[in-house]
Each structure stands twice: as C-alpha cells, then as structure tokens.
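When a residue number appears, it is its place in the shown sequence, counting from 1.
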Amino acid sequence: MTDLNDQWFARAKDVIPGGVNSPVRAYGSVGGTPRFVQSASGPRITDAAGREYVDLVASWGPALLGHAHPEVVGAVQSAASRGLSFGAPTGAEVELADLVAQRVQVGDLKPIEKVRLVSTGTEATMTAIRLARGVTGRDLLIKFAGHYHGHSDGLLAAAGSGVATLALPGSAGVPAPIAAQTLVLPYNDLDAVREVFEVHGENIAAIIVEAASANMGVVPPLPGFNAALADIAHSHGSLLIVDEVLTGFRVHPAGFWGLQASQGERYLPDILTYGKVIGGGMPLAALAGRAEIMDHLAPLGPVYQAGTLSGNPLSVAAGLATLRLATPEVYAAVDAAATQVADALNAALTAEGVVHAVPRAGSLFGVAFLPEIPLDYATALTQQSYRYAPFFHAMLDAGVSLPPSVFEAWFLTAAHDEVALERVLEALPVAAKAAAEALDPTLLAQ
C-alpha cells in the first residue's frame, strides 16, 4: 500500500517535470520517493503521511532560526495584512539594505555601501556578472568547476580541456557562444588562475567564486585563496564577485567573508551576492558592493536590471526579522550544534571503518567518502558516493532528514535542541553501518 508521499509524487509527475520544481528534490541520487512536506516547526518537518523528522536541510539554509519562528511568521503576517505586493518602493527595503551594509563589516573593512534587492540567488549572480561586464567593458568570466551560481546561461558551462580553453555548454539550451564567455578553472588552484589571466587578462571582467564551496560537498577555500583572487583580479583591472547566496549571514553575522576577515584574512570583494538567510525563507536575494560599482545599475547607470517582485514586502519583512534575531548567541548555538553532529558523524563512520572525511566551513559541513577533504571538484567526484544512498535512507528511517545528495551541505539551526540532536546522534551509528555494508555498483556489474 502506497503512502501519501507516493501518491503525491505520482500525481506530481503527471503535471510537473520530474515531479519536482527543483531537480535535487527528486531523490535522483539516493533513490526512493521524495518526502512531501506538509508543515515544519523549529528543527522538525512533517511529511504528507504525518511522519516527523529532525531536519538537517533547513530549506537549504534559510531556516537559521529554525522553521516557522514565531517572530518571523508574525512579521510576514503583519506585512501581508497591509498588501502582498506594490511594485513600488517601501521603507522596509531601505531598512533591510541599511542593515545588510551595517552587518557586513569587520573593523575597518567595509565592502558594502549599496544594495540592490532581487528575488532569487540566480537573479543576484546573473545581475552581478552583467554589472561587472558593464563596469569593466569586458566579456569573459572566470568560474570554478563544481561551484554553482544559479542556472543562468553563462554559468551553466562545463570546463574545457585546459585552463586556457573556453568552455562548452553544460546544459541543453545554452548556446555555445554564451558558454564560451566563461572560463572554468579547478578550484583552489591559484596557478591556473594566474595562467588564464596571462592569456586572457585584458578581456576578463570578473572572477566569480563561492565564498566557501557548498555545492560539490563542502570544500573550503585554502587559506589565503579568496584574498589572492582579489589581488590577481585587481592587478589586471578585473573584479571579484564573492557568491554568499548560501553562506551569507549563515556562518557568521557578516557571512563567510566576515568569518575570514575576523580570522585575519583581509580582502575586499567588489560585489557580493546574497540569498536564502537574507529572506528568512521567503524569495529574496541581493547583490551589494561599493557605491562606485553599484551606481552603474539603472536608473543611475547603463546596466539594466528590474523586477516586479524585487523587494517584495513579505520577503523583506521576513528578512528583517531574521537578521535582527540572528544575534551572536544564535551563531554560537548553531556552531555548537554543528560541531556536535559533525564530530558524531566522524566517530560513527570511523567506528565502522568507512573511509571518509568531514569537511567544514564555519557551521556548514558534510561527508565525503574520501580519505582526505577534497580540494576541488575533480577530487570530490572520485569519492565512494554509492555509500551515501544507504546512509541517507537509514537516517530517514530513523527520523532524520538529510540533503538527498552527497554533494550538498548539512544545515543546523538555532532550534536544534538536545532532544532533536539526540535523535540525530542515535541514528548515526546505524546509518554508518549501512554505509559500510554498501556495495560498489561497478564491482557488481563485472
């Protein structure tokens, strides 16, 4: 007998491509039926069949405070009572932009003077790249293999055969000439960056980089890597775009840039992009930077960007409430919970003799079935990823919802209390045993 999740998924596949509105939700890499969430509260979600799980997805990051935080929900309800959308400026937009600019500074380092609100992370990075090209008058872009910056055409590029080779389309529907404007380099490889600047430097508008990689598993930048990118770009008249859509306001009050700056890695990005936490779970994102760059955006400058729902009042209300509640105590609680789970994950897999690493960037972490933390995408792809599906389903059966891909980060929230964490800790040894017993499909095929 099928449960309600199976019924919803069967119905969804009839009317929605693949049955989901974002691909990873389809459980393609772990198998089985996606859980259709009917409600969430604090550290937990409840599926369509009424089963409750401790959630380590946290809406892919936005739920820093936990799901349905009463003050955030109250702020959205209050805003909704005054109207859902105006297509006109509001005072709350100004408050949010000012709050972002105030938060993103460490000592005398202050990379943000102006903020443009948009609706999605894809829109933020797409606009940031257009802005960089408009400011520099150049066309080429550098990105890193394994980094995800949204699904706009120029960012869905696959690497060429060498560091100075122009990219080919990484998705159907992306014209080759557009993909060819993107140079895809191995992550954490400064020599590759320097080499490509030697060949193409005068035509490179910008480097775009995730502040810390979290879309090929968690792969932190090597010490000094982001700062060196800024130096290389600026020495050639190019800009550095730091993508904090995922890390921004989650790992530190000033994002991963702020975490690095507070630890002594001093550099100034030209443009930063934000999403997820900045909207508190509502559709909201932003790009931000110095006034001399941001003022190239219309209506002041020639770089056009517009959106009916940009700065939507409900999203802004959720973002303001979330950031105002994201105190140092909140970050300390998230860090402590992340440390507890990451350490227990490491211990459980070690006890079962599973080759693994637990890479971490601030409170973000994940598992890589490799003997060492990977430094780049090519290495991440060599892991024994077949171990993750049984691990994932063992956790799910025990009432813990993990990201349905080994290449995604795990997210803790300030709402993960002792009871929630205990469920996770109890589930890990059984899941580690399932990972240990997993069979390599390439060997089975022989």
pair T322-V277: side-chain heavy atoms closer than 4.5 Å: yes
Set of ring-ring contact (aromatic ring centres under 6.0 Å, His included) partners for F407, sequence neighbours left out: none
Closest approach of A124 to T273 (non-hydrogen atoms, all atoms of both residues): O-CG2, 3.8 Å
Any pair counted as salt bridge (Lys or Arg N to Asp or Glu O under 4.0 Å), so long as it reaches residues 257-274, sequence neighbours left out: D108-R266, D270-R290
Check: A68 main-chain N/O paired with S41 side-chain donor or acceptor under 3.5 Å: no
Close side-chain approach of H147 to V209, heavy-atom, < 4.5 Å: yes
N215 and E210: side chain donor to acceptor below 3.5 Å: yes
Side-chain H-bond candidate by donor/acceptor type, R130 with Q305, under 3.5 Å: no
No-hydrogen, no-angle side-chain donor-acceptor test under 3.5 Å, R44 and S401: no
T33 and N5: CA distance, side-chain angles, deciding distance, side chain to side chain donor-acceptor pair (under 3.5 Å) verdict: CA-CA 7 Å; T33 300; N5 292 293; over 6 Å; no
V424 and Q340, any side-chain heavy atoms less than 4.5 Å apart: no
Stepwise side chain to side chain contact (heavy atoms under 4.5 Å, CB included) check, R35 with L396: CA-CA 10 Å; R35 298 305 185 260; L396 198 65; 3.3 Å; yes
Distance, nearest 0.5 Å, that separates CG of L300 from CG of D295: 5.0 Å
From CA spacing to verdict: side chain to side chain donor-acceptor pair (under 3.5 Å), R360, T339: CA-CA 9 Å; R360 185 164 175 177; T339 295; 2.8 Å; yes
Heavy-atom side-chain proximity of L65 to T413 below 4.5 angstrom: no
Any side-chain heavy-atom pair of W60 and V24 under 4.5 Å: yes
Closest non-hydrogen atom pair between A368 and P359, with its separation: N-CD, 4.2 Å
Which atom of S405 lies closest to which atom of V30, heavy atoms considered: N-CG1, 4.4 Å
Closest non-hydrogen atom pair, V218 against A361: CG1-N, 3.7 Å
With sequence neighbours excluded, residues passing side-chain hydrogen bond (donor to acceptor under 3.5 Å, both in side chains) with H67: D55
Side chain proximity check, L268 to L109, heavy atoms < 4.5 angstrom: yes
Worked verdict on S238 versus R138 for side chain to side chain donor-acceptor pair (under 3.5 Å): CA-CA 9 Å; S238 303; R138 301 173 177 181; 3.1 Å; yes
ring-ring contact (aromatic ring centres under 6.0 Å, His included) contacts touching residues 208-228 (sequence neighbours left out): F144-F225, Y187-F225
From NZ (K143) to CD1 (I208), nearest 0.5 Å: 8.5 Å
Residue that, paired with L320, satisfies side chain to side chain contact (heavy atoms under 4.5 Å, CB included) out of L99, I278, L325: L99
Distance-minimising heavy-atom pair for R103 and P253: NE-O, 3.1 Å
Side-chain donor-acceptor contact under 3.5 Å, N188 with D376: no
Heavy-atom check, side chain of F256 versus side chain of H252, under 4.5 Å: no
Set of residues satisfying side chain to side chain contact (heavy atoms under 4.5 Å, CB included) with respect to K110, sequence neighbours excluded: A101, Q105
Between CD1 on residue I204 and CD1 on residue I142, distance to nearest 0.5 Å: 4.0 Å
Pair listing, salt bridge (Lys or Arg N to Asp or Glu O under 4.0 Å) test, anchored in residues 412-427, at least two apart: none
Backbone of P283 reached by a side-chain donor or acceptor of S119 within 3.5 Å: no
Atom of G83, atom of P313 and distance for their closest heavy-atom approach: O-CG, 4.1 Å
Qualifying salt bridge (Lys or Arg N to Asp or Glu O under 4.0 Å) pairs with a residue from residues 316-339, counting only residues at least two apart or across chains: E95-R324
Enclosure of E71 CD (heavy-atom neighbours >12, cutoff 6.0 Å): no
Any residue meeting ring-ring contact (aromatic ring centres under 6.0 Å, His included) with Y27, in chain and number order, not counting sequence neighbours: F392
Nearest-0.5 Å distance, CZ of residue R133 to CD of residue Q181: 6.0 Å
Between Q102 and D98: side-chain donor-acceptor atoms closer than 3.5 Å: yes
Y304, OH: over 12 other non-hydrogen atoms inside 6.0 angstrom: no
Partner residues of F249 under the ring-ring contact (aromatic ring centres under 6.0 Å, His included) criterion, sequence neighbours left out: Y274
Stepwise side chain to side chain contact (heavy atoms under 4.5 Å, CB included) check, D3 with R51: CA-CA 11 Å; D3 70 14; R51 289 187 293 264; 2.7 Å; yes
Interatomic distance, Y267 atom OH to L240 atom CG [nearest 0.5 angstrom]: 7.0 Å
From I16 atom CD1 to R11 atom CZ, the distance as rounded to the nearest 0.5 Å: 9.5 Å
Contact list for residues 242-254, test salt bridge (Lys or Arg N to Asp or Glu O under 4.0 Å), sequence neighbours left out: none
More than 12 heavy atoms from other groups under 6.0 Å of NE2 on H151: no
Backbone of A75 reached by a side-chain donor or acceptor of S78 within 3.5 Å: no
Residues forming a salt bridge (charged side-chain N to carboxylate O under 4.0 Å, His left out) with D139, sequence neighbours excluded: none
Y388: partners by ring-ring contact (aromatic ring centres under 6.0 Å, His included), with sequence neighbours left out: none
Side-chain touch V334/L64, heavy atoms, less than 4.5 angstrom: yes
Test item: S262 side-chain N/O and L259 main-chain N/O as donor-acceptor pair under 3.5 Å: yes
